[in-house]
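What follows is a set of notes on a single structure, which appears directly below.
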There are 2 protein chains.
Amino acid sequence: MPTPERTSLDVIVAAAVRLLEEGGPSAVTMQAVAVTVGVKAPSLYKRVRDREALLSLVGADGADDLTARLEAASGLDDLLRAFRDFGHERPEAFRLLFTTAVDADRLAATSAPVLRATTSAVGEEHALDAARLLTAWATGFVTMELAGAFRLGGDLDEAYAYGRAHLIASLTRGQVEERPAQGS
Amino acid sequence: MPTPERTSLDVIVAAAVRLLEEGGPSAVTMQAVAVTVGVKAPSLYKRVRDREALLSLVGADGADDLTARLEAASGLDDLLRAFRDFGHERPEAFRLLFTTAVDADRLAATSAPVLRATTSAVGEEHALDAARLLTAWATGFVTMELAGAFRLGGDLDEAYAYGRAHLIASLTRGQVEERPAQGS
DNA sequence: ACCTGAACACCGTTCAAGT
DNA sequence: ACCTGAACACCGTTCAAGT
């Protein structure tokens with residue numbers, strides 16, 4: 001007679017998500033996840049290939065959350081605020097997104113709302129360049145902020161607002177006239 | 001009679017640096033470091049508090065390397081190229097800088113050449129804002145690039161060149177007129 | 001068909017004992 | 001004064017054995 005299922009993949013991932021945000025990646029042990037969902041560690045391997053795969057699913061969960069927040073935003077300024085808010089509310093998930101290998105499609109979905117916003121702001125031709133400029137800046141700002149790398153004082157909320165205003169203005173008004181011929 | 005010293009802190013850190021760049025953080029085990037320097041693992045604790053402290057020293061080494069490269073650059077464009085070059089040549093060190101707690105002073109030293117370049121480009125008053133805008137963008141760009149987060153095609157060398165040109169132009173010409181009143 | 005106990009290899013770290 | 005063997009607690013993972 002088959003043993004009844006005592007847990008599920010969703011429950012396991014949810015537990016891992018919570019452990020991550022509470023104690024960082026090192027707190028996401030197979031043991032801790034197992035205890036949280038009420039099962040022994042070896043049982044987890046029925047639903048998940050290994051710890052790395054589990055962390056990848058946690059990253060995908062974070063990517064989905066971020067995508068939903070960006071989808072709900074309207075306009076570039078709102079979008080950039082939502083991006084940083086996500087980093088503040090789920091700092092460990094944010095870090096994981098740019099650290100661990102997270103599923104390609106789930107992360108790609110994140111860029112859809114950004115591209116939509118930049119397209120309506122600067123037109124189709126420059127939408128990708130603009131999206132990359134903005135997401136790179138926002139990613140770097142939040143990454144450095146979470147790492148405590150801004151040590152020269154000043155209000156970070158203001159600094160982020162300055163960056164938003166400067167970048168959006170520079171994109172919508174003066175685009176750079178011609179693309180440079182060669183890269184580095 | 002005292003046992004002769006069979007290693008030193010510098011040798012240990014250098015071994016850890018090499019292990020990191022060859023196999024990522026998980027390759028930097030106390031065992032592997034000990035074997036590399038020709039000693040048993042417990043001996044490492046005579047020079048280093050624990051593994052985290054060792055990784056922090058590795059991060060400091062990376063910060064020093066980055067600082068030296070930025071000091072050698074002349075002008076904003078050159079500076080931004082050097083920053084990305086560092087990320088390409090030492091990707092694991094780059095990631096460590098914005099992940100692990102690295103010594104405050106060593107990381108702060110990195111911003112000195114950036115501030116010098118922005119000061120001469122946009123003046124003292126906007127130097128800090130400009131430095132943060134540029135380093136945040138460059139950090140985010142390289143972070144995303146290393147994470148494989150740019151999946152929409154296109155030449156990344158060109159995209160980086162576009163960003164450099166756009167940002168430098170927007171800073172030196174049209175500064176944003178007034179600082180926004182409130183942040184987010 | 002799912003779960004578990006036992007086991008394995010491998011961590012980081014401590015410490016008494018060596019020289 | 002530095003080094004080491006032995007030991008401890010804790011990982012991730014496998015697998016035969018239970019139901």
Side-chain angles (χ1 to χ4, degrees), chain A residues 1-61 92-93 95-96 99-103, chain B residues 1-61 92-93 95-96 99-103:
Chain A
M1 187 174 288
T3 310
E5 309 194 351
R6 281 202 246 278
T7 184
S8 70
L9 183 58
D10 282 355
V11 170
I12 288 170
V13 172
V17 165
R18 200 155 59 80
L19 287 166
L20 175 75
E21 222 57 76
E22 282 169 3
S26 73
V28 187
T29 67
M30 299 303 270
Q31 302 270 8
V33 172
V35 167
T36 305
V37 306
V39 98
K40 302 295 176 183
S43 299
L44 298 177
Y45 293 83
K46 280 283 155 180
R47 330 260 177 191
V48 130
R49 190 162 35 79
D50 54 18
R51 181 173 179 271
E52 193 184 322
L54 177 55
L55 282 178
S56 175
L57 290 173
V58 171
D61 173 89
E92 296 293 345
R95 268 190 276 256
L96 201 63
T99 291
T100 310
V102 29
D103 184 69
Chain B
M1 184 176 290
T3 309
E5 309 193 352
R6 280 202 248 280
T7 185
S8 69
L9 183 58
D10 283 355
V11 170
I12 289 170
V13 172
V17 165
R18 201 155 58 81
L19 286 166
L20 174 76
E21 222 56 79
E22 282 169 2
S26 72
V28 187
T29 68
M30 301 303 271
Q31 302 269 6
V33 172
V35 167
T36 304
V37 306
V39 96
K40 301 296 177 184
S43 299
L44 298 177
Y45 293 83
K46 280 284 155 181
R47 330 261 178 188
V48 129
R49 189 163 36 80
D50 54 18
R51 182 172 178 271
E52 192 183 323
L54 176 55
L55 283 178
S56 175
L57 290 173
V58 172
D61 172 89
E92 296 293 346
R95 267 190 275 258
L96 202 62
T99 292
T100 309
V102 27
D103 184 71

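Here is how names work: the chains are called A, B, and so on, in the same order as the sequence lines, proteins then strands, and each is numbered from 1.
- Each side chain to side chain donor-acceptor pair (under 3.5 Å) pair with one or both residues in residues 42-60 of chain B, not counting sequence neighbours, would appear here, but there are none.
- Between B/A27 and B/L19 the shortest heavy-atom distance is CB-O, 3.8 Å.
- Of the inter-residue distances, the one linking B/I12 atom CD1 with B/L57 atom CG reads 10.0 Å to the nearest 0.5 angstrom.
- Among all heavy-atom pairs drawn from B/L20 and B/A93, the shortest one is CD2-N, 3.9 Å.
- Scanning residues 46-60 of chain B for heavy-atom distances under 4.0 Å to DNA chain C yields B/D50, B/R51.
- At a non-hydrogen distance threshold of 4.0 Å, A/T29, A/M30, A/Q31, A/P42 from residues 29-42 of chain A come into contact with DNA chain D.
- At a cut-off of 3.5 angstrom, the base of C/dC2 holds at least one donor-acceptor pair with the side chain of A/T3.
- Counting to the nearest Å, the P atom of C/dC2 and the CG atom of A/L44 are 14 Å from each other.
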Only Watson-Crick and G-U wobble pairs with both distances less than 3.5 Å should count. Give DNA chain C in dot-bracket notation, marking inter-strand partners with |. ||.|||||...|||||.||
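- Nearest heavy-atom pair across B/R95 and B/T99 is O-OG1, 2.8 Å.
- With rounding to the nearest 0.5 angstrom, the CG atom of B/L44 is 10.5 Å from the CG atom of B/L9.
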What side-chain donor-acceptor pairs closer than 3.5 Å can you find for residues 28-39 of chain B, not counting sequence neighbours?
| residue | atom | partner | partner atom | Å |
| --- | --- | --- | --- | --- |
| B/T29 | OG1 | B/A32 | N | 2.9 |
| B/T36 | OG1 | B/A32 | O | 2.7 |

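- For residues 21-32 of chain A, the pairs satisfying salt bridge (Lys or Arg N to Asp or Glu O under 4.0 Å) are A/R18-A/E22, A/E21-A/R90, with sequence neighbours left out.
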